[in-house]
Amino acid sequence: MLAAERRKKIYELVDEQTAVKVADLSNLFSVTEETIRRDLEKLEKENKIKRLHGGAVKVSSNDSEVHFTEREILHVEEKRAIAAEAAKLISEGDKIILDASTTAWCLARCLPNISITVITNSVQVVNELMEKDRIEVICIGGRYSAKSHSFIGPLSERSLDNYHVHKAFISCKGVHITNGVRDSSELQALLKRQMIAHCEEAILMVDNSKINAHSFSHIAPLSYIHTIICDDKIDKNFKLQAEEIGVNVKTVSL
């Protein structure tokens, strides 16, 4: 296959699937990953796609909910480091909530097989915990969202009324001192608001790109968050202001 034809097909795949991975494209076209990276570089220069670590995503200017596949390859190293730090806050016997974020999925992956209860709306989290037989998993129902691989809506929100947990681990699209914690999806925001309301300690897991970012739907004021875990590229002024209103801010090095 000629390079131009391969790049055309790559562009069509990105347009159709929203996000693609370098390794998958390499296997699909039977070429090296380096060849795929050069293809993606050329497509990005033509403003047809946006390159990310490990793949590429569709060029988009709106604030709609990002597909899970796209979020899966965004800021991967930061998410893994943040998730590993979050796992240190979980003890035997804890009852916790994990949202449908990719950082929560990373957290599920690094959880030890200990006696805890995990409540989640994320299919990806459930799949990750299947083989950890000491972890009790409760999946709340609702309307299935293929974009986020999760359950959302009024039924999901009402399901949380049955529970109260020690800790809720959530992520978001943006967090700001005055505008609070926000998400691009109204339904996800409403559910995360309920998660915060039904826990003793709300832990926000965000990489530095979410700091001072604005988004469509309000989840909660920043003061409702007990702990923020972020990478060490966090905006220093934000960190200082968050700590001044009583939020504990943990940073992790990559």
Side-chain angles (χ1 to χ4, degrees), residues 53-54 68-69 71-140 148-151 160 163-173 175 181 183 188 191-192 194-211 219-220 222 224-234 239 242-243 246-254:
H53 177 79
F68 189 93
T69 307
R71 289 186 283 122
E72 190 180 353
I73 58 177
L74 278 165
H75 307 287
V76 177
E77 296 306 319
E78 290 90 340
K79 290 175 181 177
R80 288 174 180 165
I82 290 164
E85 185 66 23
K88 297 176 184 178
L89 302 178
I90 300 169
S91 305
E92 190 103 18
D94 273 352
K95 292 174 172 54
I96 67 173
I97 289 174
L98 298 183
D99 72 358
S101 64
T102 47
T103 310
W105 174 54
C106 289
L107 175 53
R109 296 182 75 176
C110 64
L111 277 178
N113 188 18
I114 58 175
S115 180
I116 59 173
T117 299
V118 176
I119 299 170
T120 186
N121 66 318
S122 168
V123 173
Q124 298 291 96
V125 168
V126 172
N127 288 338
E128 198 60 49
L129 297 177
M130 274 183 176
E131 302 302 318
K132 299 180 180 182
D133 58 349
R134 297 191 64 201
I135 298 179
E136 180 182 8
V137 181
I138 299 172
C139 185
I140 59 175
S148 62
H149 297 328
S150 69
F151 295 100
L160 285 173
Y163 307 106
H164 186 77
V165 302
H166 298 103
K167 303 175 182 84
F169 294 85
I170 68 169
S171 190
C172 65
K173 189 73 176 288
V175 55
V181 186
D183 205 278
Q188 292 287 358
L191 188 56
K192 292 177 186 188
Q194 287 292 93
M195 291 175 174
I196 292 171
H198 289 83
C199 74
E200 294 174 13
E201 184 178 357
I203 295 140
L204 184 67
M205 307 178 295
V206 287
D207 64 77
N208 71 87
S209 71
K210 309 292 180 61
I211 304 300
I219 298 172
L222 184 57
Y224 283 33
I225 300 299
H226 298 81
T227 300
I228 294 174
I229 306 177
C230 187
D231 59 87
D232 57 6
K233 294 180 183 177
I234 187 172
K239 182 177 184 295
E243 289 173 338
V247 181
N248 179 32
V249 181
K250 292 177 176 286
T251 58
V252 293
S253 300
L254 302 181

Ile135 and Pro112 have their tightest heavy-atom pair at CD1-O, 3.6 Å
Can you tell me how far apart CD1 (Ile211) and NZ (Lys233) are? Round to the nearest 0.5 Å. 13.5 Å
Can a donor-acceptor pair be found, under 3.5 Å and without considering hydrogens, that links the side chain of His226 to the backbone of Ala202? yes
Is any side-chain heavy atom of Thr120 less than 4.5 Å from a side-chain heavy atom of Ile138? no
Can Ile228 and Lys239 be said to form a side chain to side chain contact (heavy atoms under 4.5 Å, CB included), step by step? CA-CA 9 Å; Ile228 294 174; Lys239 182 177 184 295; over 6 Å; no
Quick one: does Leu129's side chain get under 4.5 Å of Val125's, heavy atoms only? yes
Looking only at the side chains, is there a donor atom on one of Asp232 and Ser253 sitting less than 3.5 Å from an acceptor on the other? yes
Pairwise distance CD(Gln124) to OG(Ser101) - rounded to 0.5 angstrom: 11.5 Å
Which atoms form the tightest heavy-atom contact between Ala168 and Met195, and what is the distance? CB-O, 3.8 Å
Side-chain touch Ile97/Val165, heavy atoms, less than 4.5 angstrom: yes
Which pair of heavy atoms, one from Ala83 and one from Thr103, lies closest together, and at what distance? CB-O, 3.9 Å
Indicate whether the side chain of Lys79 and that of Thr102 have a donor and an acceptor atom separated by less than 3.5 Å. yes
State, with a plain yes or no, whether a side-chain heavy atom of Val247 is found less than 4.5 Å away from one of Leu222. yes
Measuring from Tyr224:OH to Ile219:CD1, what's the distance to the nearest 0.5 Å? 13.5 Å
Could you grab the distance from atom CD1 of Ile114 to atom CD1 of Ile90, nearest 0.5 Å is fine? 7.0 Å
Once salt bridge (charged side-chain N to carboxylate O under 4.0 Å, His left out) is applied, do any residues pair with Glu200, and if so which ones, sequence neighbours excluded? none
Check: Thr227 and Glu201 side chains under 4.5 Å, non-hydrogen atoms: yes
Distance (rounded to the nearest 0.5 Å) between Glu85 CD and Lys88 NZ: 4.0 Å
Side chain to side chain donor-acceptor pair (under 3.5 Å) between Asp99 and Asn121: does it pass, once the steps are laid out? CA-CA 6 Å; Asp99 72 358; Asn121 66 318; over 6 Å; no
Going by side-chain contact (heavy atoms from CB on, under 4.5 Å), Asp207 matches just one of Ile229, Val76, Asp231, Leu254. Which one? Asp231
Got more than 12 heavy atoms from elsewhere within 6.0 Å of CD, Glu92? yes
Tell me whether Ser171 contacts the main-chain N or O of Met205 through its side chain, where contact means a donor paired with an acceptor under 3.5 Å. yes
Do the non-hydrogen side-chain atoms of Ser148 and Gln188 ever get within less than 4.5 Å of each other? yes
Report yes or no: does Lys132 contribute a side-chain atom to a donor-acceptor pair with the main-chain N or O of Leu111 at less than 3.5 Å? yes
Run the salt-bridge test on Asp183 and Lys173 with the 4.0 Å N-O cut-off and return the result as yes or no. no
Which atom pair, heavy atoms only, marks the closest approach of Ala108 to Leu98? CB-CD1, 4.2 Å
Report yes or no: do Ser122 and Glu128 form a side-chain donor-acceptor pair below 3.5 Å? no
From Ile234 atom CD1 to Glu78 atom CD, the distance as rounded to the nearest 0.5 Å: 12.5 Å
Can you list the steps and then say if Ile225 with Ile196 is a side chain to side chain contact (heavy atoms under 4.5 Å, CB included)? CA-CA 8 Å; Ile225 300 299; Ile196 292 171; 4.0 Å; yes
Would Leu160 and Ile140 count as a side chain to side chain contact (heavy atoms under 4.5 Å, CB included) here? Give the steps. CA-CA 7 Å; Leu160 285 173; Ile140 59 175; 4.1 Å; yes
Any residue meeting salt bridge (charged side-chain N to carboxylate O under 4.0 Å, His left out) with Lys167, in chain and number order, not counting sequence neighbours: Asp94
Minimum heavy-atom distance Arg80-Cys106, with the two atoms named: CG-SG, 4.4 Å
Is there a side-chain contact between Phe151 and Val123, using heavy atoms and a 4.5 Å cut-off? yes
